[in-house]
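Note sheet for the following structure.
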Amino acid sequence: MDSIHGFFLEPGTWQGEDIFRPRGEQGSILVSERFAHFVHRHGLTSLKLTPAESFIWDPLGRGSPDAPRTE
């Protein structure tokens, strides 16, 4: 896999935990919307939350898979 541009959890693979590590994405910690609301409500600033649909991992800098190829 060259890059990730957003992701979703397959139905039945999440048990409702507020903080968890998804299978296959060992370096990431995911949180529920409920936990994200808690962070914002209490003004916590020592972490960065990224919505799953906005998450980008692109170590080779190839850009969006929808972008025209320049090779």
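Looking at residues two or more places apart in sequence or on another chain, you find a ring pair (Phe, Tyr, Trp, His ring centres under 6.0 Å) between H42 and F38. Under the side-chain hydrogen bond (donor to acceptor under 3.5 Å, both in side chains) criterion, R34 pairs with D18, sequence neighbours left out.
Note that CD of E33 and CG of L49 are 11.5 Å apart. Values are rounded to the nearest 0.5 Å.
Listed by first then second residue, pairs satisfying salt bridge (charged side-chain N to carboxylate O under 4.0 Å, His left out) with a partner in residues 35-48 number zero, not counting sequence neighbours.
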